[in-house]
Structure formats: structure tokens, C-alpha cells
Asker: 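I have a structure here, written as C-alpha cells, and I will follow up with some questions on it.
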Amino acid sequence: ACGLTAMLSTRRRILVFLLTLGALTGLQAQEKDMLKMVESFQWVSPQAKGSVDGVEHRTFYSQANQADVGYYVSFPAGYADPKNVGKRYPVIYYLHGGRPGAESKGLGGYRNFRGDRAGDRMPPHIFVMVNGGKLSHYDYIDGYLGVQAFMEFVKHLDGTERTLVDRTSRVLIGSSQGGRAVGRYLFRYPELFATGVSIAGGHQRELIISENEGSELNGIVIPDASNNVFDNARTYVDRGEAAPAVSLMVVVGNEDENYPGNLVWCAQLAEWGIEHELMVVPGTGHGVSFDIENSRERVWRFMSQGLDRE
């Protein structure tokens, strides 16, 4: 870690300490069976019951994990039309919440933000839902390397579909565990991703990882303790002008138990001079209601601004 606690003011240290205690209580109450639960993980999860319009289930082979990995993909209207054979499209990567990983867990995000709902408010794009791995978007132990699988998947998609192969043509969006992952990926790999939307992420838990040698204090230890939204952002800032510019939107409901942790993370980003947009959705908890105050429209607008159009 980067000595984050030492960098914070006394007032902020007290706030972070209280948040950590609250997060720990929640972790113990909600995730005491986490280790047992992740044992049920599969790289290709059972397909969702019932059809989801416009979505295909596919797999690719992960060399890092020596396994087929599942994903869902939705193509824009006209993608298969011969007259569009020379057209390339930006990609939205949806990172699911929850543990263990399962590509089917991303279908809720697709239903919220699918392109045909956005109409001309979004450029035509490919929408993919990934499997985050056993610990959801972390490298864990051999055979369960979620980060490496995702990096391989980005290359796979660029190599097999008509994507716009550029950082400004890729948008990350995720909720809960996926919201945390958006922050980690955006600041660790700005050469790959220029825009991210982090929804309802438990960023106070990222701080626990940073300050407890990777331990989430729930029986799980992240092997790379530095891979968290605080240390990655600090490393990004330390790169100075060499770091490619990124755009970040942070979305959280004011009744979500993760709400204080999002405020702490955003305050730290501001202290480090990292510009971002914070959208607090009133009257909603962890399952953010995007019908409130045009929240969905605001997310679409933010993502659209981050997508290059061919």
C-alpha cells in the first residue's frame, strides 16, 4: 500500500476508521460463508433461464487459466448486414456484481443499459458481459485469474469482432463488485480504457484490502494487496503527465451501505486532483433505481461522451 492513512487528515482518518468498522461488521454478517460460496464457481456458468432478446452466449479460451470462459454479447442493429462489413464499433464492457463470478450476473446490467433502449442517445456499440472469475475481477490462485482472463478477453474480442481498437472506444461499467473493479481497471490500465462508470461499489472494502495486506477480513486474502481503487489511483497520479486521461463517473444511492465509502473514495480522488463526476441517487439503496431523476439518461450521456464514433 501507499501509506494512505498517513496521507489523510486527522478528520478523514477518523471517518475512514469508522467506515472500516462498519464495513467489517457488514462483511462478517453478510459474507461469513464466502469461502464456501466461491467453491461453486464455474468459468462457464449455466446459461440464464429464459431468452434475453438480442444476447448471445459464447466462450473463449483463456491461456492463463487453461479453461474456456463464458461471456454474453449483444451486437448493434445492422452488425451482420453485408453493407456494414467495413464498419467498426466501440465496446461497452459490463462487469457484474456479486461473488463468485458468472457471466449471467451481467444480464441485469444489460437490461438497464442495453443499446436499443438508448436509441440515438448512444452510438451503435457492442455490449459484452464478462465472467469475473472466482473472486469477481481479481487474480486469485492458479486457475482462477480473473484479471488475466479479462485482459485476454479484450484481446479476443478485438481479434474476432469488428471493434474499434482504441482506448477511447472502450467503456467500463459495473455494479457492486463490478463497480469496485471499474475503479481498479481504469486507473491500472488507462492505456486500455478511457471511460468508466462505477456503480454502488464497496470502496471502503478496497481500503480494508489496502491497509490489511490484502485481507478483506472475511476469510479471503487478495494476493496483490496493491490492486485496489485507492492505491491504483495513487499510482496513476504519480505517473503525472505520462498517464493517459480518464473519465470516471461514480454512482451510488444515498441509502446504500456503501454510500459513505463512495464519499471517502471521491474525496480522496479530489484531494489527489483526479476529476470525476459523483451522482448520488436519492431514496435508493444498493440496487440503484435508474428511473429516479433521469439517472439512466445521465449514465448514457456520460458513456456516450466517452465513446469514439467511427
Side-chain angles (χ1 to χ4, degrees), residues 1-8 12-13 15-24 26-27 31 34 38 95-99 101 132-141 144-151 172 174-190 192-193 196-239 243 246 248 250-252 256-274 276 278:
C2 298
L4 290 166
T5 302
M7 298 179 193
L8 303 177
R12 292 271 300 287
R13 289 185 200 177
L15 179 56
V16 168
F17 176 71
L18 293 174
L19 283 170
T20 302
L21 288 180
L24 176 55
L27 285 168
E31 302 182 24
M34 179 64 70
V38 298
L95 309 181
H96 64 73
R99 283 178 178 165
K134 194 165 193 172
L135 282 193
S136 291
H137 319 296
Y138 281 107
D139 279 348
Y140 188 35
I141 56 178
Y144 302 108
L145 305 175
V147 175
Q148 292 190 46
F150 184 52
M151 295 296 105
L172 297 166
S175 179
S176 195
Q177 289 284 353
R180 292 166 58 179
V182 167
R184 295 196 301 270
Y185 283 135
L186 189 66
F187 290 122
R188 180 164 276 204
Y189 303 107
L192 285 179
F193 309 104
V197 180
S198 172
I199 303 169
H203 299 302
Q204 70 277 14
R205 304 182 186 193
E206 299 278 310
L207 188 58
I208 291 172
I209 291 169
S210 175
E211 300 194 340
N212 289 277
E213 299 180 342
S215 174
E216 288 192 338
L217 305 182
N218 62 348
I220 289 176
V221 177
I222 306 301
D224 181 1
S226 69
N227 186 20
N228 62 77
V229 300
F230 288 87
D231 289 332
N232 285 0
R234 177 72 257 182
T235 300
Y236 173 81
V237 170
D238 288 344
R239 293 178 60 183
V246 295
L248 172 65
V250 180
V251 182
V252 66
D256 190 339
E257 68 172 15
N258 293 334
Y259 175 55
N262 278 259
L263 297 185
V264 168
W265 186 44
C266 288
Q268 184 62 81
L269 294 178
E271 187 172 306
W272 286 333
I274 298 177
H276 60 282
L278 172 62

Asker: Tell me the closest heavy-atom pair linking A200 and S175, and the distance in Å.
Answerer: CB-OG, 4.3 Å
Asker: So is R184 actually on top of Y138's ring, under 6.0 Å and inside 45° of the axis?
Answerer: yes
Asker: Using a strict 4.0 Å threshold on nitrogen-to-oxygen distance, state whether D224 and R188 make a salt bridge.
Answerer: yes
Asker: Show your working on side chain to side chain contact (heavy atoms under 4.5 Å, CB included) between M151 and Y185 and close with a plain yes or no.
Answerer: CA-CA 10 Å; M151 295 296 105; Y185 283 135; 4.0 Å; yes
Asker: Among residues at least two apart in sequence or on other chains, which ones pass ring pair (Phe, Tyr, Trp, His ring centres under 6.0 Å) with Y189?
Answerer: none
Asker: With a 3.5 Å distance limit and no angle check, can you tell me whether R180 reaches the backbone of G201 through a side-chain donor-acceptor pair?
Answerer: no
Asker: Say you draw a straight line from CD1 of I222 to CD1 of I209; how long is it, rounded to the nearest 0.5 Å?
Answerer: 4.5 Å
Asker: Please step through side chain to side chain contact (heavy atoms under 4.5 Å, CB included) for the pair D139 and Q148, ending with a clear verdict.
Answerer: CA-CA 7 Å; D139 279 348; Q148 292 190 46; 3.5 Å; yes
Asker: If I compare all heavy atoms of N232 with all of S226, which pair ends up nearest, and what's the gap?
Answerer: OD1-O, 3.2 Å
Asker: Please tell me if the side chains of V147 and N227 come closer than 4.5 Å, counting only heavy atoms from C-beta onward.
Answerer: yes
Asker: So which heavy atom on R99 is nearest to which on S136, and how close?
Answerer: CG-OG, 3.6 Å
Asker: Taking H96 for the side chain and G132 for the main chain, is one N or O donor matched with an acceptor at less than 3.5 Å?
Answerer: yes
Asker: Check step by step if side chain to side chain contact (heavy atoms under 4.5 Å, CB included) holds for L269 and L248.
Answerer: CA-CA 10 Å; L269 294 178; L248 172 65; 3.7 Å; yes
Asker: Identify the two heavy atoms, one from G183 and one from W265, that lie closest to each other, and give their separation to 0.1 Å.
Answerer: CA-CH2, 4.0 Å
Asker: Heavy atoms only: give me the nearest E213-A225 pair and the separation to one decimal.
Answerer: C-CB, 3.6 Å
Asker: Can you confirm whether P260 sits close enough to Q204 that some side-chain heavy atom of one is under 4.5 Å from a side-chain heavy atom of the other?
Answerer: no
Asker: Can you confirm whether F187 sits close enough to V246 that some side-chain heavy atom of one is under 4.5 Å from a side-chain heavy atom of the other?
Answerer: yes
Asker: With F193, which residues qualify under ring pair (Phe, Tyr, Trp, His ring centres under 6.0 Å), at least two apart?
Answerer: F150
Asker: Do you know which two heavy atoms are closest between W272 and A233, and how far apart they sit?
Answerer: CZ3-CB, 3.9 Å
Asker: Just checking, is any N or O donor in the side chain of D231 or S210 under 3.5 Å from an acceptor N or O on the other one?
Answerer: yes
Asker: Is there a side-chain contact between H203 and N258 (heavy atoms, below 4.5 Å)?
Answerer: no
Asker: Salt bridge check: are R205 and E257 linked by an N-O gap of less than 4.0 Å?
Answerer: yes
Asker: Which residues satisfy the side-chain contact (heavy atoms from CB on, under 4.5 Å) test with S176, sequence neighbours excluded?
Answerer: H286
Asker: Mind checking whether L278 and L263 have side chains closer than 4.5 Å, heavy atoms only?
Answerer: yes
